[in-house]
Amino acid sequence: MSVNDSTEPNRRDFLYIATGAVGAVGAAAVIWPFIDQMNPDAATLALASIDVDVSQVAEGQSITAKWRGKPIFIRQRTAQEIEEAKAVDLSELKDPLARNANIPGDAPASDENRAAEGKEAWLVMVGVCTHLGCIPLGQAGPYDGYFCPCHGSAYDTAGRIRSGPASENMAIPPFAFSDDTTITIG
Amino acid sequence: MKKTLSVLLAAGIAYLPLSAYAQDGAQEPVAATGDVASPEDAGVVAVEEEHAAEAAEEGHAETPHYPLKKPEEVDWSFDGPFGTWDLAQLQRGFQVYREVCSACHSMNFVAFRNLEALGYSEDQISSLAGEYTVQDGPDDTGEMFERPAVGSDYLPAPYPNPQAAAASNNGAVPPDLSLIAKARAVERGFPTFVFDIFTQYAEAGPDYIHALLTGYGEEPPAGVQVMDGTYYNPYFISSAALAMPQPIYEDQVTYSDGAPQTVEQYSRDVTAFLMWAAEPHMTERKATGFVTMIFLIVFAVLLFLVKRRVWASTPH
Amino acid sequence: MSGHSSYVPSNGIMRWLDARLPLPRMVYDSFVAYPVPRNLNYAYTFGGILAIFLGIQILTGIVLAMHYAAASSLAFESVEKIMRDVNWGWMLRYMHANGASFFFVAVYLHIARGLYYGSYKAPREVLWILGVVIFLLMMATAFMGYVLPWGQMSFWGATVITGFFTAFPLVGDPIQTLLLGGFSVENPTLNRFFSLHYLLPFMIAGVVILHVWALHVTGQTNPTGVEVKSSKDTVPFTPHATVKDGLAMVVFLLAFAYFVFYLPNFLGHPDNYIEANPLKTPSHIVPEWYFLPFYAMLRAITFNIGPIDSKLGGVLVMFGSIIILFFLPWLDTSRVRSTAYRPIYKIFFWIFVANAIMLGWLGAKPAETPYTELALIGTIYYFAHFLIVLPVLGLIETPRKLPNSITEAVLAKHAKSGGSVTPEGATASPETKG
């Protein structure tokens, strides 16, 4: 339909376009707070790190800590488990990357790159199956590591995916031994 | 975002003379009435006495109007459309809270991590938090245990529950201070409240707290009853005397930055801190408001031009 | 939504859709080609503004509900978490709280416009009644929303307002207990208020659709009160009304933003920053400003009227002050629609407005002499306006001469102000009103 009979089509068009553009910018700016409010709030972000006392975890034992609402498996592995993990040929692995937040992202998934730095017995990882988020069972499955009962993903003793629908090794969170018996996660 | 904010604030400074002028206009008359306040207040008390006498005759009590004196308007760094926090003042105010107020008053909604906004570094906050212990648990044996506080903990309260607080304070629970600067305001009355819209007066809470803290030490005028265990303060909002004795005296808190160690200065500092605690996003809010207002004005002008053009050939 | 449609699908896809679900046709007929009187002034823009504010309240409300906890032990804390920790939470909450106030500012101006230009008169009675229903729903929504932050005013406001029901003999107390889910305002009360506060805005939206539908059947009134007679009297909704409404919305939003960002607590009460305490009543309970005139009328009845005690009397008067609006179309006997042509009624209209403002002021004052007496006078006048002034004045007043048509009025105005006049007028309105 004819909007108007203006004698200056160019200036009129410019005015209309400018007004429409300003309106669009305003609408876009208003939308952002409505989306951003769904991001983690300041209190949630502040809970980013926890300290875990591991003095009671003997060789061959595990504990589970909670970090960001997820289970963190902390295990002092047996010599046999370490042996098994080291014996794996890296080319056999389904996921060749270490998935360790403490080292560069392209590091290979060797056992050294999966275990705690300088303490190869200790395995600290996010105990969440990388398939669809169930919690795998410990010391179970065909590779003596972890086995996810939901869809049958099997991990080895270093938490690396070996068979099943999952495609990534279980994630290693940012952590460090703040002293011999305390692990700081996050 | 931070950068944009500072640019906007800089832009704001260009407008400061204007807003300062507006504030002067609003404040001077008030200061003037403040000077002559004492005789007037004596009058108020006298009237109250008359009322009391009348009430006694008629057999019903007349409600007196509190506070007896209206708070004076203080010039805060955070007032007006471009107000900002004075970080040094907030830190001093926090010091006053820690060393004086926190003996009785909790601050349940403020976490140690929030103090970053006062200009403290993360390390300073960790070590500060470490000075406090908080209860955590239960541990693996099912027991609650004490541990040093961390940044995500909230400032520990002086009393475990309101009953304990009341028991230690003659039955009066010292209110939580997290929101006190927004939870108290002396009514401004008509027509002042209309002018407040244009002068953007939103500091009734801080002005009240400042007036209350500096308002002790006067002799109660004749006819005003002060009950045992309460302390006369003409600025108190709901009666002539309150359960809190004068909380702070000269030189009680030692400032490291050379600010005067007077009751006046302490009150200003702790009040500014309480305002921050009640409204931590205030400067962010005002800066966002500035952008929003500019945007809406530009948009309105454009729409006005479009509207005029659309209607140009249609008499209406 | 009425009359024949001038919509022509612009391409094949639109033609395909039009044959199956003529939604674009409906939008086109209602918001593009819909003819509006050419002489509407800015008082007619509040409908659009109200639509925007319903949208703002629903949107901010939905996101606030993502963080709010409707439990008496958590509510106050969760609101503070929104204010402190949630990204942009302070802004969303201040928008929602002040949005309620501005919603009422707009609705009162919208109602005042309706009263002034006689928008409630035949054939627009249903349109008007739907509007009163929306107003009632808004009041209920605002009241329940005010309870949610669980501050002192929330709690005691809820106690007082649900106390209205106890005024009714026999059934009153059981009804109050039913509403509260207990014997005082407690966790169950908060929970159900939250549920209803979330529900009612969507009911408002539903009634708004009916309100707009009814409007599009009868067409707008206009400042002359003379009905549209030909296509010359109207302009198409888009762009004429769209851009004018848009301008008014942005100016209104400017005032809204001023409060949200610079005076966010100006319209609130400081006591609501104190968590609810069932054992301590604030020294003086004041409702939100938009309820003050009604609150003044509630308190004005301090005496028994025959078998009706003062408490029930106050409640009846307060509810009556809104119920009476439903009957307004039949109380006004004047055959002239617009107050602009009613010289005597114009005076009474402004007295009514001043009286309403006075009642609002009295509602905020303590209940003592002389305020209660003034409130009683104001209350009597409020009802007298509807029950005496409107019916009687319509019969005895001599109105000014009405123009023959909107176009005539417009052209006469322009001739007087010396504006250049094109007799063509609204050329862009190809369709006639059905």
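Because the structure is predicted, anything quoted here is derived from the model rather than measured. Reckoned from all heavy atoms, side chains included, excluding hydrogens, waters and symmetry mates.
Between the CG atom of B:Asn108 and the CD atom of C:Glu80 there is a distance of 11.0 Å, given to the nearest 0.5 Å. Of the inter-residue distances, the one linking C:Arg38 atom CZ with B:His316 atom NE2 reads 9.5 Å to the nearest 0.5 angstrom. Of the inter-residue distances, the one linking B:Thr292 atom OG1 with C:Met91 atom CE reads 7.0 Å to the nearest 0.5 angstrom.
Within the 4.5 angstrom heavy-atom criterion, no atom of B:Ile180 approaches chain C. Both the backbone and the side chain of C:Tyr262 come within contact range of chain B, each with at least one heavy atom under 4.5 Å from a heavy atom of that chain. For chain C, the nearby part of B:Arg113 is the side chain; its heavy atoms alone come within less than 4.5 Å. Proximity to chain B (any heavy atom under 4.5 Å) is shown, for C:Gln152, by neither the backbone nor the side chain. Within the 4.5 angstrom heavy-atom criterion, only backbone atoms of B:Ala277 (N, CA, C, O) approach chain C. Looking at C:Tyr258, both its backbone and its side chain come within 4.5 Å of chain B, counting heavy atoms on both sides. Within the 4.5 angstrom heavy-atom criterion, no atom of B:Phe295 approaches chain C. For C:Pro223, no part sits under 4.5 Å from any heavy atom of chain B, backbone or side chain.
Within the 4.5 Å cutoff, side-chain heavy atoms of C:Phe76 are placed close to those of B:Leu179. Residues B:Trp311 and C:Val235 have side chains in contact (heavy-atom distance under 4.5 Å, counting atoms from C-beta outward). B:Phe109 has its side chain out of reach of C:Lys81: every pair of non-hydrogen atoms, C-beta onward, lies at least 4.5 Å apart. Contact annotation: the side chain of C:Phe266 approaches that of B:Phe193 to within less than 4.5 Å [non-hydrogen atoms, C-beta and beyond]. Counting heavy atoms from C-beta outward, C:Phe259 and B:Ile197 have side chains that approach closer than 4.5 Å. With contacts defined as side-chain heavy-atom distances shorter than 4.5 Å, the pair B:Glu284/C:Trp90 qualifies. For the pair B:Phe299/C:Leu253, no side-chain contact is recorded, criterion being any heavy-atom separation below 4.5 Å from C-beta on. For the pair B:Ser238 and C:His284, the minimum side-chain heavy-atom distance is 4.5 Å or more.
Between B:Val310 and C:Pro239, the closest heavy-atom pair is CG1-CG, 3.6 Å. Nearest heavy-atom pair, C:Ile274 versus B:Arg184, reported as atom, atom and distance to 0.1 Å: CD1-NH1, 3.4 Å. Minimum heavy-atom separation, C:Arg84 to B:Pro280: CG-CG, 4.0 Å. Closest non-hydrogen pair, C:Asp271 versus B:Ala183, comes out as OD1-O, 4.2 Å. Between B:Glu279 and C:Asn265, the shortest heavy-atom distance links the atoms OE1-ND2, 4.4 Å. Closest non-hydrogen pair, B:His281 versus C:Met83, comes out as CD2-O, 3.1 Å.
If you tally non-hydrogen atom pairs under 4.5 Å between each of C:Asn41, C:Asp85, C:Asn39 and chain B, the highest count goes to C:Asp85. For the set B:Ala300, B:Ala202, B:Gly205, the count of heavy-atom pairs under 4.5 angstrom toward chain C peaks at B:Ala300.
Shown here is C:Glu408, whose CD atom has more than 12 heavy atoms of other residues, nucleotides or ligands within 6.0 Å. The number of heavy atoms from other shown groups lying within 6.0 Å of CG (B:Asn170) does not exceed 12. The environment of OH in B:Tyr159 is crowded: more than 12 heavy-atom neighbours from other residues, nucleotides or ligands sit within 6.0 Å.
Counting only residues at least two apart or in different chains, salt bridge (charged side-chain N to carboxylate O under 4.0 Å, His left out) contacts with residues 193-202 of chain B comprise B:Arg188-B:Asp196.
Shown are B:Val306, B:Leu303, B:Val301; of these, the side-chain contact (heavy atoms from CB on, under 4.5 Å) with C:Leu247 is made only by B:Leu303.
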